[in-house]
Amino acid sequence: MNSKEFKKRFGEVAKANEFKNAFGCWYKESAASVVVLELRKSNFGDYYQLLIKIFIQGAFESTYAPSKDVMRSSLGHITANETPEYKNILDFDVRMEDDIRRECLDKLFADHIVPFTDRALSRGGIMELANEGEVFILPAVKQELA
């Protein structure tokens, strides 16, 4: 499996987990937030970085929709990444059997992305993620959550 095939597989797994696709990213939205998954291809090697961006509805008197500006934004109000244990599946300079990479991708969604996103779709869940050290919230954003 090469990196382009992986990106296609990532999209299939995202769709199976009820993420929608727009502008090359995948997202879920609620009345409280929009959570965006973006695979960014490195210029320094054959690997991706997974960015998880959270946009809080109503923060700074704005509402957010899955537009190109939101999806391709460098940062959200809160930004997270894949966990270190899953970093190798995004790195194609690391040799890995295709079946193992697919299995690890499924596990990344089941064990990290879906539970994280489910919590990030509510203000209370976002605060729980912050209190548990899963995300860092800048003071100005934290004030918007209050």
Side-chain angles (χ1 to χ4, degrees), residues 1 3-92 94 96 100-146:
M1 171 184 307
S3 59
K4 287 185 180 187
E5 293 167 336
F6 176 81
K7 189 167 184 177
K8 181 180 178 197
R9 175 70 180 154
F10 186 95
E12 291 167 355
V13 176
K15 185 176 179 180
N17 283 284
E18 300 177 357
F19 284 85
K20 297 175 186 171
N21 181 276
F23 305 101
C25 300
W26 298 270
Y27 71 96
K28 283 187 180 181
E29 61 185 327
S30 70
S33 66
V34 177
V35 181
V36 177
L37 307 177
E38 180 181 3
L39 283 178
R40 284 211 180 147
K41 182 78 170 81
S42 171
N43 292 327
F44 303 105
D46 192 15
Y47 63 90
Y48 288 103
Q49 179 184 19
L50 173 63
L51 295 178
I52 304 172
K53 302 175 277 192
I54 304 168
F55 296 88
I56 302 164
Q57 297 292 13
F60 307 104
E61 300 178 13
S62 296
T63 56
Y64 301 89
S67 66
K68 185 175 183 179
D69 289 340
V70 168
M71 296 297 171
R72 294 310 219 165
S73 173
S74 296
L75 301 170
H77 294 124
I78 302 164
T79 305
N81 298 93
E82 73 279 351
T83 59
E85 67 191 274
Y86 295 106
K87 199 163 192 71
N88 281 348
I89 68 167
L90 303 173
D91 188 345
F92 293 88
V94 173
M96 184 182 295
I100 293 171
R101 197 175 299 269
R102 281 187 205 99
E103 185 178 307
C104 289
L105 178 60
D106 292 340
K107 197 167 171 46
L108 169 62
F109 269 87
D111 295 348
H112 178 63
I113 293 173
V114 171
F116 181 94
T117 302
D118 288 349
R119 293 172 75 191
L121 289 172
S122 72
R123 287 175 176 247
I126 292 169
M127 291 306 294
E128 287 173 6
L129 288 167
N131 292 337
E132 294 169 7
E134 295 289 319
V135 296
F136 174 76
I137 303 176
L138 292 169
V141 175
K142 194 176 276 190
Q143 189 173 2
E144 291 292 315
L145 282 168

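- Here the OH-CG distance, from Y47 to D91, works out to 7.5 Å after rounding to the nearest 0.5 Å.
- Closest of all the heavy-atom pairs between P66 and M71 is CB-CE, 3.0 Å.
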What pairs of donor and acceptor atoms, side-chain ones from residues 130-141 against any protein atom, are under 3.5 angstrom apart with sequence neighbours left out?
residue: N131; atom: ND2; partner: M127; partner atom: O; Å: 3.3
residue: E132; atom: OE1; partner: R119; partner atom: NH1; Å: 3.1
residue: E132; atom: OE1; partner: R119; partner atom: NH2; Å: 2.9
residue: E132; atom: OE2; partner: R119; partner atom: NH2; Å: 2.9

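- Using a 4.5 Å cut-off on side-chain heavy atoms (C-beta onward), I52 and T79 make no contact.
- In this structure, CD1 on I54 lies 11.0 Å from NE2 on H77, to the nearest 0.5 angstrom.
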R40 and L50: CA distance, side-chain angles, deciding distance, side-chain contact (heavy atoms from CB on, under 4.5 Å) verdict: CA-CA 6 Å; R40 284 211 180 147; L50 173 63; over 6 Å; no
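- Sorted by first and then second residue, the side-chain hydrogen bond (donor to acceptor under 3.5 Å, both in side chains) pairs involving residues 137-146 (not counting sequence neighbours) form an empty list.
- With rounding to the nearest 0.5 angstrom, the CD1 atom of I78 is 8.0 Å from the CG atom of L129.
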Audit row: V13, L108, side-chain contact (heavy atoms from CB on, under 4.5 Å) steps and yes/no: CA-CA 10 Å; V13 176; L108 169 62; over 6 Å; no
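- Closest non-hydrogen pair, R123 versus I56, comes out as NH2-CG2, 3.6 Å.
- When every heavy atom of R101 is checked against every heavy atom of N88, the shortest pair comes out as NH1-O, 3.3 Å.
- Of all non-hydrogen atoms in F44 and S42, the two that sit nearest each other are N-OG, 2.8 Å.
- Residue pairs meeting the side-chain hydrogen bond (donor to acceptor under 3.5 Å, both in side chains) criterion with at least one member in residues 9-22, sequence neighbours excluded: R9-D106.
- Looking only at side-chain heavy atoms (C-beta outward), F19 and T117 come within less than 4.5 Å of each other.
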Worked check of side-chain contact (heavy atoms from CB on, under 4.5 Å) between K28 and D118: CA-CA 9 Å; K28 283 187 180 181; D118 288 349; 3.8 Å; yes
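- In this structure, CD in E85 is found 7.5 Å from CG in D111, a value given to the nearest 0.5 Å.
- Among residues at least two apart or in separate chains, salt bridge (charged side-chain N to carboxylate O under 4.0 Å, His left out) pairs with a member in residues 54-73 are E38-R72.
- By the ring pair (Phe, Tyr, Trp, His ring centres under 6.0 Å) test, F92 pairs with F6, sequence neighbours left out.
- When all heavy atoms of F23 and S67 are compared, the pair lying nearest together is CE1-C, 3.5 Å.
- Atom NZ of K53 and atom CG of N81 lie 11.0 Å apart (nearest 0.5 Å).
- The shortest side-chain heavy-atom distance between Q57 and V34 falls under the 4.5 Å cut-off.
- No side-chain heavy atom of E82 sits under 4.5 Å from any side-chain heavy atom of Y48.
- Legend: residues meeting side-chain contact (heavy atoms from CB on, under 4.5 Å) with S30, ordered by chain and number and at least two apart, are A32, S33, L121.
- Minimum heavy-atom separation, S73 to F55: CB-CZ, 4.0 Å.
- Dense packing is recorded around CD of E5, with more than 12 heavy atoms of other residues, nucleotides or ligands lying under 6.0 Å away.
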Working for side-chain contact (heavy atoms from CB on, under 4.5 Å), residues L37 and F109: CA-CA 11 Å; L37 307 177; F109 269 87; 4.1 Å; yes
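- With rounding to the nearest 0.5 angstrom, the CG atom of L39 is 10.0 Å from the OG atom of S3.
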